[in-house]
Q: 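Following this message is one structure expressed as C-alpha coordinates.
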Amino acid sequence: MTERIIQELIDSFGKLLMAGLKVTLPLTAAAFSTGILIALFVALMQIAKVPVMRKLVRVYVWIIRCTPMIVQLFVVYFGLPNIGIKFTPFVSAWIVLSLSIGAYCSETVRAAIESVPVGQLEASYCDGLTFWQAMVHVIIPQALRTAFPPLSNSLIGLVKDTSLAYNVALVEILATAQRIASRTYDYFWLYLEAGLIYLIFCSILTVVQRKAEAALERRR
Amino acid sequence: MLELRNVCKKFGKTVVLDNVSIKVNDGDVIAILGPSGSGKTTLLRCASYLTRADSGTLVIDGEEHDMNRISGKELRRYRNRVGFVFQNFNLYGNKTALGNVTLGLTVAQKMKKEEAEEIGRKLLAKVGLSDREDYYPSKLSGGQQQRVAIARALASNPEVVFFDEPTSALDPELTGEVLNVMRQLAEEGMTMIVVTHEMEFARSVANRVVFMEGSVIVEENTAEEFFNNPKEARTREFVQRSLSWRGADDASDGTSDGTVADNAPAGIEEKP
Ligand SMILES: Nc1ncnc2c1ncn2[C@@H]1O[C@H](COP(=O)(O)OP(=O)(O)OP(=O)(O)O)[C@@H](O)[C@H]1O
Ligand SMILES: [Mg+2]
(Lines give C-alpha, C1' and ligand atoms only; values in the text may rest on other atoms or scores of the structure.)
(Ligands and ions follow the chains in the order given, each with its own letter.)
Protein backbone atom coordinates (compact mmCIF):
# COMPACT_ATOMS: atom_id res chain seq x y z
CA MET A 1 0.00 0.00 0.00
CA THR A 2 1.58 3.22 -1.13
CA GLU A 3 1.41 6.59 0.57
CA ARG A 4 -0.83 7.79 -2.26
CA ILE A 5 -3.40 5.11 -1.54
CA ILE A 6 -3.32 5.82 2.19
CA GLN A 7 -3.92 9.49 1.46
CA GLU A 8 -6.71 8.60 -0.94
CA LEU A 9 -8.39 6.35 1.63
CA ILE A 10 -8.21 9.05 4.28
CA ASP A 11 -9.75 11.60 1.90
CA SER A 12 -12.48 9.22 0.74
CA PHE A 13 -13.33 8.01 4.22
CA GLY A 14 -15.03 11.31 5.01
CA LYS A 15 -16.96 11.21 1.74
CA LEU A 16 -18.18 7.66 2.28
CA LEU A 17 -19.09 8.45 5.86
CA MET A 18 -21.06 11.50 4.74
CA ALA A 19 -22.89 9.42 2.11
CA GLY A 20 -23.74 7.00 4.89
CA LEU A 21 -24.98 9.69 7.23
CA LYS A 22 -26.83 11.69 4.59
CA VAL A 23 -28.32 8.93 2.45
CA THR A 24 -28.00 5.41 3.88
CA LEU A 25 -29.09 6.23 7.42
CA PRO A 26 -32.10 8.40 6.48
CA LEU A 27 -33.18 5.76 3.97
CA THR A 28 -32.83 3.03 6.60
CA ALA A 29 -34.79 5.02 9.18
CA ALA A 30 -37.56 5.95 6.76
CA ALA A 31 -37.92 2.45 5.32
CA PHE A 32 -37.78 0.76 8.72
CA SER A 33 -40.42 2.93 10.39
CA THR A 34 -42.76 2.69 7.41
CA GLY A 35 -42.06 -1.04 7.16
CA ILE A 36 -42.91 -1.69 10.81
CA LEU A 37 -46.19 0.17 10.42
CA ILE A 38 -47.00 -1.98 7.39
CA ALA A 39 -46.02 -5.13 9.32
CA LEU A 40 -48.30 -4.13 12.22
CA PHE A 41 -51.12 -3.43 9.82
CA VAL A 42 -50.70 -6.79 8.08
CA ALA A 43 -50.53 -8.64 11.41
CA LEU A 44 -53.60 -6.89 12.82
CA MET A 45 -55.68 -7.50 9.70
CA GLN A 46 -54.97 -11.20 10.11
CA ILE A 47 -55.47 -11.33 13.88
CA ALA A 48 -58.67 -9.29 13.83
CA LYS A 49 -59.78 -11.41 10.85
CA VAL A 50 -60.90 -8.35 8.93
CA PRO A 51 -62.79 -9.67 5.90
CA VAL A 52 -61.23 -9.09 2.45
CA MET A 53 -58.24 -7.21 3.94
CA ARG A 54 -56.85 -10.36 5.55
CA LYS A 55 -56.80 -11.99 2.12
CA LEU A 56 -55.31 -8.95 0.40
CA VAL A 57 -52.46 -8.64 2.89
CA ARG A 58 -51.61 -12.28 2.30
CA VAL A 59 -51.34 -11.68 -1.42
CA TYR A 60 -49.05 -8.74 -0.69
CA VAL A 61 -46.77 -10.81 1.54
CA TRP A 62 -46.70 -13.58 -1.04
CA ILE A 63 -45.70 -11.28 -3.90
CA ILE A 64 -43.00 -9.46 -1.95
CA ARG A 65 -41.45 -12.63 -0.60
CA CYS A 66 -41.42 -14.44 -3.91
CA THR A 67 -39.91 -11.78 -6.15
CA PRO A 68 -36.34 -10.40 -5.97
CA MET A 69 -35.99 -6.99 -4.40
CA ILE A 70 -33.89 -5.75 -7.30
CA VAL A 71 -36.71 -6.61 -9.72
CA GLN A 72 -39.17 -4.70 -7.52
CA LEU A 73 -36.80 -1.76 -7.47
CA PHE A 74 -36.47 -1.76 -11.27
CA VAL A 75 -40.24 -1.97 -11.68
CA VAL A 76 -40.74 1.04 -9.41
CA TYR A 77 -37.88 3.23 -10.68
CA PHE A 78 -37.54 2.29 -14.37
CA GLY A 79 -40.95 0.72 -15.00
CA LEU A 80 -43.51 3.00 -13.43
CA PRO A 81 -42.47 6.05 -15.52
CA ASN A 82 -43.90 4.16 -18.54
CA ILE A 83 -47.34 4.57 -17.03
CA GLY A 84 -46.63 8.11 -15.94
CA ILE A 85 -45.56 7.58 -12.32
CA LYS A 86 -42.13 8.95 -11.48
CA PHE A 87 -40.24 8.66 -8.22
CA THR A 88 -36.79 9.90 -7.29
CA PRO A 89 -34.17 7.22 -6.60
CA PHE A 90 -34.51 7.83 -2.85
CA VAL A 91 -38.30 7.50 -2.85
CA SER A 92 -38.17 4.40 -5.08
CA ALA A 93 -35.76 2.72 -2.69
CA TRP A 94 -37.84 3.83 0.27
CA ILE A 95 -41.00 2.26 -1.20
CA VAL A 96 -39.37 -1.05 -2.08
CA LEU A 97 -37.43 -1.43 1.18
CA SER A 98 -40.52 -0.57 3.31
CA LEU A 99 -42.64 -3.10 1.45
CA SER A 100 -39.96 -5.69 2.02
CA ILE A 101 -39.61 -4.98 5.74
CA GLY A 102 -43.41 -4.93 6.02
CA ALA A 103 -43.76 -8.36 4.46
CA TYR A 104 -40.88 -10.04 6.23
CA CYS A 105 -41.61 -8.58 9.68
CA SER A 106 -45.37 -9.13 9.58
CA GLU A 107 -44.97 -12.76 10.64
CA THR A 108 -42.63 -11.78 13.47
CA VAL A 109 -45.08 -9.15 14.68
CA ARG A 110 -48.04 -11.50 14.38
CA ALA A 111 -46.32 -14.23 16.37
CA ALA A 112 -45.32 -11.67 19.01
CA ILE A 113 -48.88 -10.38 19.33
CA GLU A 114 -50.17 -13.91 19.66
CA SER A 115 -47.59 -14.65 22.33
CA VAL A 116 -49.23 -12.16 24.71
CA PRO A 117 -51.60 -14.27 26.85
CA VAL A 118 -55.16 -13.98 25.58
CA GLY A 119 -56.28 -13.50 29.20
CA GLN A 120 -54.89 -9.97 29.07
CA LEU A 121 -57.16 -9.21 26.15
CA GLU A 122 -60.10 -10.60 28.11
CA ALA A 123 -59.11 -8.56 31.14
CA SER A 124 -59.04 -5.45 28.92
CA TYR A 125 -62.55 -6.26 27.72
CA CYS A 126 -63.69 -6.57 31.33
CA ASP A 127 -62.13 -3.15 31.94
CA GLY A 128 -64.42 -1.81 29.22
CA LEU A 129 -61.76 -1.45 26.53
CA THR A 130 -62.47 -2.13 22.86
CA PHE A 131 -60.37 -4.59 20.83
CA TRP A 132 -58.34 -1.75 19.32
CA GLN A 133 -57.83 0.04 22.64
CA ALA A 134 -56.61 -3.24 24.13
CA MET A 135 -54.22 -3.68 21.20
CA VAL A 136 -52.77 -0.19 21.54
CA HIS A 137 -52.48 -0.02 25.33
CA VAL A 138 -51.83 -3.60 26.38
CA ILE A 139 -51.03 -6.08 23.63
CA ILE A 140 -48.86 -4.27 21.06
CA PRO A 141 -46.45 -2.71 23.60
CA GLN A 142 -45.72 -6.19 24.97
CA ALA A 143 -45.58 -7.73 21.51
CA LEU A 144 -43.02 -5.19 20.29
CA ARG A 145 -40.89 -5.98 23.30
CA THR A 146 -40.96 -9.67 22.40
CA ALA A 147 -40.32 -8.86 18.75
CA PHE A 148 -37.46 -6.50 19.54
CA PRO A 149 -34.55 -8.93 18.95
CA PRO A 150 -35.78 -10.28 15.58
CA LEU A 151 -36.79 -6.77 14.48
CA SER A 152 -33.32 -5.46 15.31
CA ASN A 153 -31.87 -8.14 13.10
CA SER A 154 -34.12 -6.99 10.29
CA LEU A 155 -32.96 -3.42 10.87
CA ILE A 156 -29.33 -4.45 10.52
CA GLY A 157 -30.19 -6.39 7.38
CA LEU A 158 -31.91 -3.31 6.04
CA VAL A 159 -28.80 -1.15 6.46
CA LYS A 160 -26.99 -3.50 4.11
CA ASP A 161 -29.93 -3.82 1.71
CA THR A 162 -29.91 -0.07 1.09
CA SER A 163 -26.84 -0.71 -1.08
CA LEU A 164 -29.24 -2.16 -3.66
CA ALA A 165 -30.31 1.42 -4.36
CA TYR A 166 -26.95 1.82 -6.07
CA ASN A 167 -28.70 0.26 -9.05
CA VAL A 168 -31.17 3.12 -9.38
CA ALA A 169 -28.49 5.81 -9.23
CA LEU A 170 -28.89 6.69 -5.59
CA VAL A 171 -25.55 8.08 -4.44
CA GLU A 172 -25.19 6.16 -1.21
CA ILE A 173 -22.04 4.59 0.28
CA LEU A 174 -21.34 2.06 -2.44
CA ALA A 175 -22.04 4.48 -5.31
CA THR A 176 -19.75 7.05 -3.73
CA ALA A 177 -16.95 4.51 -3.46
CA GLN A 178 -17.56 3.42 -7.04
CA ARG A 179 -17.33 7.00 -8.31
CA ILE A 180 -14.05 7.68 -6.56
CA ALA A 181 -12.56 4.36 -7.70
CA SER A 182 -13.56 4.90 -11.29
CA ARG A 183 -11.22 7.91 -11.30
CA THR A 184 -8.29 6.33 -9.45
CA TYR A 185 -8.78 2.64 -10.35
CA ASP A 186 -8.23 1.63 -6.68
CA TYR A 187 -11.35 -0.51 -6.67
CA PHE A 188 -9.93 -3.00 -4.24
CA TRP A 189 -9.25 -0.43 -1.53
CA LEU A 190 -12.37 1.64 -2.01
CA TYR A 191 -14.76 -1.27 -1.96
CA LEU A 192 -13.03 -2.52 1.18
CA GLU A 193 -13.50 0.93 2.65
CA ALA A 194 -17.19 0.91 1.71
CA GLY A 195 -17.50 -2.43 3.49
CA LEU A 196 -15.78 -0.92 6.50
CA ILE A 197 -18.36 1.86 6.70
CA TYR A 198 -21.21 -0.71 6.71
CA LEU A 199 -19.30 -2.67 9.32
CA ILE A 200 -19.06 0.41 11.54
CA PHE A 201 -22.76 1.29 11.17
CA CYS A 202 -23.95 -2.24 11.86
CA SER A 203 -21.60 -2.68 14.82
CA ILE A 204 -22.94 0.47 16.42
CA LEU A 205 -26.49 -0.81 15.89
CA THR A 206 -25.57 -4.15 17.44
CA VAL A 207 -24.24 -2.45 20.56
CA VAL A 208 -27.34 -0.24 20.80
CA GLN A 209 -29.53 -3.31 20.36
CA ARG A 210 -27.84 -5.09 23.25
CA LYS A 211 -28.13 -2.06 25.52
CA ALA A 212 -31.79 -1.57 24.60
CA GLU A 213 -32.61 -5.22 25.22
CA ALA A 214 -31.06 -5.03 28.66
CA ALA A 215 -33.02 -1.85 29.42
CA LEU A 216 -36.28 -3.44 28.26
CA GLU A 217 -35.57 -6.47 30.39
CA ARG A 218 -35.23 -4.28 33.48
CA ARG A 219 -38.63 -2.72 32.84
CA ARG A 220 -40.70 -5.84 33.18
CA MET B 1 -80.29 -6.78 40.97
CA LEU B 2 -78.63 -9.31 38.63
CA GLU B 3 -80.43 -12.26 37.19
CA LEU B 4 -79.38 -14.91 34.70
CA ARG B 5 -82.30 -16.69 33.06
CA ASN B 6 -82.18 -19.96 31.15
CA VAL B 7 -78.56 -19.79 30.09
CA CYS B 8 -77.70 -22.45 27.51
CA LYS B 9 -74.28 -23.16 26.08
CA LYS B 10 -72.86 -25.97 24.01
CA PHE B 11 -69.29 -26.42 22.84
CA GLY B 12 -69.75 -28.41 19.69
CA LYS B 13 -72.01 -31.24 20.79
CA THR B 14 -71.13 -31.03 24.49
CA VAL B 15 -73.81 -29.34 26.55
CA VAL B 16 -71.99 -27.22 29.13
CA LEU B 17 -74.87 -25.12 30.48
CA ASP B 18 -78.39 -26.47 30.33
CA ASN B 19 -80.99 -23.86 31.23
CA VAL B 20 -79.12 -22.43 34.17
CA SER B 21 -80.81 -19.61 36.09
CA ILE B 22 -79.49 -17.62 39.04
CA LYS B 23 -80.91 -14.64 40.85
CA VAL B 24 -78.50 -12.38 42.73
CA ASN B 25 -79.70 -9.88 45.30
CA ASP B 26 -77.89 -6.79 46.45
CA GLY B 27 -75.18 -7.73 48.93
CA ASP B 28 -75.32 -11.44 48.15
CA VAL B 29 -72.15 -13.45 48.30
CA ILE B 30 -72.87 -16.52 46.24
CA ALA B 31 -70.44 -19.41 46.18
CA ILE B 32 -70.65 -21.64 43.14
CA LEU B 33 -69.36 -25.09 43.94
CA GLY B 34 -69.17 -28.23 41.90
CA PRO B 35 -66.85 -30.79 40.41
CA SER B 36 -64.44 -30.05 37.60
CA GLY B 37 -66.08 -29.66 34.22
CA SER B 38 -69.53 -28.85 35.57
CA GLY B 39 -69.67 -25.50 33.76
CA LYS B 40 -68.88 -23.04 36.56
CA THR B 41 -66.26 -21.08 34.66
CA THR B 42 -68.39 -21.10 31.53
CA LEU B 43 -71.31 -19.65 33.50
CA LEU B 44 -69.22 -16.72 34.77
CA ARG B 45 -67.71 -16.16 31.35
CA CYS B 46 -71.14 -16.10 29.75
CA ALA B 47 -72.36 -13.68 32.43
CA SER B 48 -69.58 -11.26 31.42
CA TYR B 49 -69.86 -11.95 27.68
CA LEU B 50 -66.34 -13.37 27.46
CA THR B 51 -68.04 -16.46 26.07
CA ARG B 52 -71.16 -16.02 23.95
CA ALA B 53 -74.04 -18.08 25.38
CA ASP B 54 -76.26 -19.83 22.85
CA SER B 55 -79.27 -18.33 24.55
CA GLY B 56 -80.26 -16.76 27.82
CA THR B 57 -81.30 -13.47 29.32
CA LEU B 58 -79.36 -11.28 31.66
CA VAL B 59 -81.22 -8.75 33.77
CA ILE B 60 -79.34 -6.03 35.60
CA ASP B 61 -81.40 -3.52 37.59
CA GLY B 62 -84.44 -4.29 35.47
CA GLU B 63 -82.56 -3.87 32.17
CA GLU B 64 -82.78 -6.98 30.03
CA HIS B 65 -79.97 -8.11 27.77
CA ASP B 66 -79.85 -11.02 25.36
CA MET B 67 -76.86 -13.14 26.37
CA ASN B 68 -76.29 -14.14 22.75
CA ARG B 69 -76.35 -10.71 21.11
CA ILE B 70 -75.45 -7.34 22.49
CA SER B 71 -74.22 -4.16 20.86
CA GLY B 72 -70.65 -3.09 21.54
CA LYS B 73 -71.82 0.08 23.23
CA GLU B 74 -74.26 -1.68 25.57
CA LEU B 75 -71.63 -4.29 26.31
CA ARG B 76 -69.04 -1.75 27.41
CA ARG B 77 -71.60 0.00 29.57
CA TYR B 78 -72.52 -3.32 31.16
CA ARG B 79 -68.88 -4.22 31.73
CA ASN B 80 -68.33 -1.09 33.78
CA ARG B 81 -71.06 -2.33 36.08
CA VAL B 82 -69.45 -5.70 36.75
CA GLY B 83 -65.94 -6.77 37.67
CA PHE B 84 -64.14 -10.00 36.85
CA VAL B 85 -61.30 -11.65 38.76
CA PHE B 86 -59.55 -14.43 36.84
CA GLN B 87 -58.04 -17.62 38.14
CA ASN B 88 -54.64 -16.67 36.72
CA PHE B 89 -54.84 -12.91 37.43
CA ASN B 90 -54.29 -11.74 33.84
CA LEU B 91 -52.58 -8.54 34.90
CA TYR B 92 -51.25 -6.32 32.12
CA GLY B 93 -47.56 -7.15 31.87
CA ASN B 94 -46.61 -3.70 30.57
CA LYS B 95 -48.30 -1.77 33.39
CA THR B 96 -47.37 -1.24 37.01
CA ALA B 97 -49.76 -2.25 39.77
CA LEU B 98 -51.23 1.25 39.72
CA GLY B 99 -51.33 1.27 35.91
CA ASN B 100 -53.25 -1.99 35.96
CA VAL B 101 -55.90 -0.52 38.22
CA THR B 102 -56.26 2.77 36.34
CA LEU B 103 -56.15 1.60 32.69
CA GLY B 104 -59.90 1.01 32.40
CA LEU B 105 -60.61 4.39 33.96
CA THR B 106 -58.26 6.41 31.77
CA VAL B 107 -58.78 4.57 28.48
CA ALA B 108 -62.33 3.22 28.56
CA GLN B 109 -63.90 5.91 30.72
CA LYS B 110 -61.64 8.78 29.61
CA MET B 111 -61.06 9.85 33.17
CA LYS B 112 -58.22 12.30 33.90
CA LYS B 113 -55.00 10.59 34.92
CA GLU B 114 -54.76 12.29 38.34
CA GLU B 115 -58.34 11.43 39.17
CA ALA B 116 -57.88 7.81 38.11
CA GLU B 117 -54.66 7.51 40.11
CA GLU B 118 -56.37 8.81 43.20
CA ILE B 119 -58.97 6.06 42.86
CA GLY B 120 -56.25 3.53 42.03
CA ARG B 121 -54.21 4.41 45.12
CA LYS B 122 -57.25 4.08 47.36
CA LEU B 123 -58.01 0.66 45.95
CA LEU B 124 -54.41 -0.53 46.26
CA ALA B 125 -54.50 0.63 49.87
CA LYS B 126 -57.69 -1.33 50.37
CA VAL B 127 -56.01 -4.55 49.21
CA GLY B 128 -52.93 -3.76 51.27
CA LEU B 129 -50.54 -2.94 48.43
CA SER B 130 -49.86 0.78 48.78
CA ASP B 131 -46.14 0.08 48.88
CA ARG B 132 -46.23 -1.83 45.61
CA GLU B 133 -47.93 0.64 43.25
CA ASP B 134 -44.85 1.02 41.01
CA TYR B 135 -44.13 -2.72 40.75
CA TYR B 136 -44.65 -4.58 37.51
CA PRO B 137 -46.67 -7.82 37.77
CA SER B 138 -43.58 -9.97 37.24
CA LYS B 139 -42.10 -8.50 40.42
CA LEU B 140 -45.15 -9.38 42.54
CA SER B 141 -46.00 -12.68 44.24
CA GLY B 142 -49.07 -14.56 43.09
CA GLY B 143 -51.08 -13.39 46.08
CA GLN B 144 -50.06 -9.78 45.45
CA GLN B 145 -50.92 -10.09 41.77
CA GLN B 146 -54.36 -11.40 42.58
CA ARG B 147 -54.94 -8.55 45.04
CA VAL B 148 -53.98 -6.05 42.32
CA ALA B 149 -56.43 -7.86 40.03
CA ILE B 150 -59.15 -7.44 42.65
CA ALA B 151 -58.35 -3.74 42.93
CA ARG B 152 -58.55 -3.49 39.14
CA ALA B 153 -61.93 -5.23 39.09
CA LEU B 154 -63.19 -2.70 41.65
CA ALA B 155 -61.93 0.36 39.76
CA SER B 156 -65.10 1.03 37.81
CA ASN B 157 -67.07 0.81 41.06
CA PRO B 158 -69.00 -2.26 39.90
CA GLU B 159 -72.32 -3.42 41.28
CA VAL B 160 -71.21 -7.05 41.30
CA VAL B 161 -67.86 -8.82 41.05
CA PHE B 162 -67.34 -12.29 39.56
CA PHE B 163 -64.48 -14.39 40.89
CA ASP B 164 -63.37 -17.54 39.04
CA GLU B 165 -61.38 -19.68 41.47
CA PRO B 166 -59.36 -16.69 42.63
CA THR B 167 -57.00 -18.75 44.79
CA SER B 168 -56.58 -21.90 42.70
CA ALA B 169 -53.39 -20.73 41.00
CA LEU B 170 -51.77 -19.74 44.29
CA ASP B 171 -49.39 -21.57 46.56
CA PRO B 172 -51.35 -22.65 49.64
CA GLU B 173 -49.55 -20.17 51.87
CA LEU B 174 -50.67 -17.27 49.66
CA THR B 175 -54.38 -18.02 49.53
CA GLY B 176 -55.08 -16.47 52.93
CA GLU B 177 -54.17 -12.92 51.94
CA VAL B 178 -56.51 -13.05 48.92
CA LEU B 179 -59.37 -14.64 50.85
CA ASN B 180 -59.00 -12.02 53.55
CA VAL B 181 -59.42 -9.23 51.01
CA MET B 182 -62.51 -10.97 49.66
CA ARG B 183 -63.88 -11.48 53.12
CA GLN B 184 -63.42 -7.78 53.84
CA LEU B 185 -65.23 -6.88 50.59
CA ALA B 186 -68.10 -9.15 51.55
CA GLU B 187 -68.35 -7.46 54.93
CA GLU B 188 -68.55 -4.09 53.22
CA GLY B 189 -71.61 -5.36 51.38
CA MET B 190 -70.13 -5.97 47.95
CA THR B 191 -72.22 -8.29 45.80
CA MET B 192 -70.03 -11.20 44.76
CA ILE B 193 -70.32 -14.43 42.82
CA VAL B 194 -67.42 -16.71 43.63
CA VAL B 195 -66.57 -19.97 41.91
CA THR B 196 -64.38 -21.72 44.43
CA HIS B 197 -63.09 -24.95 45.85
CA GLU B 198 -62.45 -23.26 49.20
CA MET B 199 -65.13 -24.95 51.26
CA GLU B 200 -64.30 -23.05 54.39
CA PHE B 201 -64.53 -19.72 52.58
CA ALA B 202 -67.89 -20.71 51.10
CA ARG B 203 -69.15 -21.77 54.51
CA SER B 204 -67.98 -18.73 56.44
CA VAL B 205 -68.38 -15.91 53.91
CA ALA B 206 -71.05 -16.85 51.38
CA ASN B 207 -74.70 -16.41 52.28
CA ARG B 208 -75.84 -18.63 49.44
CA VAL B 209 -74.38 -21.64 47.71
CA VAL B 210 -75.09 -22.89 44.21
CA PHE B 211 -74.00 -26.44 43.53
CA MET B 212 -73.47 -27.32 39.88
CA GLU B 213 -72.89 -30.68 38.32
CA GLY B 214 -73.20 -31.93 34.75
CA SER B 215 -74.17 -28.54 33.30
CA VAL B 216 -77.15 -27.96 35.61
CA ILE B 217 -77.70 -26.49 39.06
CA VAL B 218 -78.27 -29.41 41.37
CA GLU B 219 -78.98 -27.43 44.51
CA GLU B 220 -79.29 -23.82 45.51
CA ASN B 221 -79.47 -23.11 49.20
CA THR B 222 -78.40 -20.82 52.01
CA ALA B 223 -74.82 -21.51 52.97
CA GLU B 224 -75.82 -22.77 56.36
CA GLU B 225 -78.41 -25.24 55.06
CA PHE B 226 -76.12 -26.32 52.26
CA PHE B 227 -73.36 -27.43 54.58
CA ASN B 228 -75.40 -28.65 57.53
CA ASN B 229 -78.53 -29.98 55.97
CA PRO B 230 -78.28 -30.33 52.19
CA LYS B 231 -81.47 -31.15 50.28
CA GLU B 232 -80.05 -33.41 47.60
CA ALA B 233 -78.33 -36.71 48.16
CA ARG B 234 -75.71 -35.76 45.56
CA THR B 235 -74.94 -32.56 47.42
CA ARG B 236 -74.60 -34.35 50.73
CA GLU B 237 -72.07 -36.69 49.19
CA PHE B 238 -70.12 -33.77 47.70
CA VAL B 239 -70.07 -31.84 50.98
CA GLN B 240 -68.96 -34.86 52.94
CA ARG B 241 -66.26 -35.75 50.47
CA SER B 242 -64.84 -32.25 50.24
CA LEU B 243 -64.87 -31.76 54.00
CA SER B 244 -63.13 -35.06 54.59
CA TRP B 245 -60.51 -34.18 51.94
CA ARG B 246 -59.67 -31.15 53.96
CA GLY B 247 -58.88 -33.16 57.02
CA ALA B 248 -57.13 -36.06 55.37
CA ASP B 249 -55.37 -34.76 52.33
CA ASP B 250 -52.25 -32.65 52.19
CA ALA B 251 -51.93 -29.11 50.86
CA SER B 252 -52.48 -30.14 47.25
CA ASP B 253 -56.23 -29.56 47.30
CA GLY B 254 -55.61 -25.91 48.07
CA THR B 255 -58.38 -25.54 50.61
CA SER B 256 -56.29 -23.97 53.33
CA ASP B 257 -57.94 -20.82 54.47
CA GLY B 258 -56.60 -19.90 57.85
CA THR B 259 -59.91 -19.53 59.61
CA VAL B 260 -60.23 -23.17 60.57
CA ALA B 261 -56.84 -24.09 61.83
CA ASP B 262 -58.43 -26.67 64.12
CA ASN B 263 -58.71 -29.50 61.59
CA ALA B 264 -56.27 -28.23 58.98
CA PRO B 265 -53.02 -30.14 58.69
CA ALA B 266 -50.16 -28.19 60.19
CA GLY B 267 -48.41 -27.71 56.85
CA ILE B 268 -51.12 -25.60 55.25
CA GLU B 269 -51.78 -23.03 57.90
CA GLU B 270 -51.94 -19.51 56.64
CA LYS B 271 -48.75 -17.48 56.80
CA PRO B 272 -49.87 -13.95 56.08
N1 LIG C 1 -63.46 -23.18 24.85
C2 LIG C 1 -63.96 -24.42 25.02
N3 LIG C 1 -64.09 -25.26 23.98
C4 LIG C 1 -64.59 -26.50 24.13
N5 LIG C 1 -65.00 -27.01 25.30
C6 LIG C 1 -64.89 -26.23 26.39
C7 LIG C 1 -64.36 -24.90 26.31
N8 LIG C 1 -64.37 -24.36 27.55
C9 LIG C 1 -64.88 -25.31 28.36
N10 LIG C 1 -65.20 -26.44 27.69
C11 LIG C 1 -65.79 -27.65 28.24
O12 LIG C 1 -66.94 -27.28 28.95
C13 LIG C 1 -67.07 -28.02 30.15
C14 LIG C 1 -67.22 -27.08 31.33
O15 LIG C 1 -66.02 -26.34 31.48
P16 LIG C 1 -65.82 -25.26 32.64
O17 LIG C 1 -64.47 -24.70 32.46
O18 LIG C 1 -66.96 -24.31 32.62
O19 LIG C 1 -65.88 -26.17 33.93
P20 LIG C 1 -65.59 -25.77 35.44
O21 LIG C 1 -66.81 -26.14 36.21
O22 LIG C 1 -65.16 -24.37 35.54
O23 LIG C 1 -64.43 -26.76 35.82
P24 LIG C 1 -63.14 -26.52 36.78
O25 LIG C 1 -63.59 -26.72 38.18
O26 LIG C 1 -62.19 -27.58 36.32
O27 LIG C 1 -62.62 -25.15 36.49
C28 LIG C 1 -65.85 -28.90 30.22
O29 LIG C 1 -66.24 -30.20 29.79
C30 LIG C 1 -64.89 -28.31 29.25
O31 LIG C 1 -64.09 -29.30 28.67
MG1 LIG D 1 -63.33 -23.44 36.06
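Small disclaimer: the values here were computed from a predicted structure and weren't measured. Throughout, protein chains are lettered first and strands after them, A, B, ... in sequence-line order, and every chain is numbered starting at 1.
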Q: When heavy-atom pairs shorter than 4.5 Å are enumerated against chain A, which of G83(B), G104(B), G99(B) gives the highest number?
A: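 Looking at each of G83(B), G104(B), G99(B) in turn, G104(B) comes out on top.
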Q: Quick check on the interface: out of F84(B), Y135(B), F86(B), who has the most heavy-atom pairs with chain A under 4.5 Å?
A: F86(B)
Q: Please flag which part of N94(B) lies under 4.5 Å from any non-hydrogen atom of chain A: side chain, backbone, both or neither.
A: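 Both the backbone and the side chain of N94(B) come within 4.5 Å of chain A.
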Q: Considering residues, nucleotides and ligands other than E74(B), do more than 12 of their heavy atoms fall under 6.0 Å from its CD?
A: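 Yes, the 6.0 Å shell around CD holds more than 12 heavy atoms from other groups.
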Q: I'd like to know if the side chain of T51(B) pairs up with that of R45(B) as donor and acceptor (distance under 3.5 Å, no hydrogens or angles considered).
A: yes
Q: Check the side chains of E64(B) and T57(B) for a donor-acceptor pair under 3.5 angstrom, ignoring hydrogens and angles.
A: no
Q: Is the backbone N or O of G34(B) less than 3.5 Å from a side-chain atom of K40(B), with the two atoms forming a donor-acceptor pair by type?
A: yes
Q: Please flag which part of Y92(B) lies under 4.5 Å from any non-hydrogen atom of chain A: side chain, backbone, both or neither.
A: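 For Y92(B), heavy atoms of backbone and side chain both lie under 4.5 Å from chain A.
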Q: In terms of heavy-atom proximity below 4.5 Å to chain A, should L75(B) be classed as side chain, backbone, both, or neither?
A: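 Neither part, no heavy atoms under 4.5 Å.
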Q: Highest number of heavy-atom pairs under 4.5 Å with chain B: which of G128(A), P117(A), A123(A), P141(A)?
A: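 Of the options given, most contacts go to A123(A).
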Q: What part of N88(B) gets within 4.5 angstrom of chain A, counting heavy atoms only: side chain, backbone, both, or neither?
A: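 Contact with chain A involves no heavy atom of N88(B) at all.
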Q: When you compare the side chains of S12(A) and E193(A), does any donor N or O come within less than 3.5 Å of an acceptor on the partner?
A: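 On atom types as modelled, these side chains qualify, holding a pair under 3.5 Å.
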Q: Do E198(B) and T167(B) get their side chains close enough for a donor-acceptor pair, meaning under 3.5 Å?
A: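 Result is yes, a qualifying pair exists.
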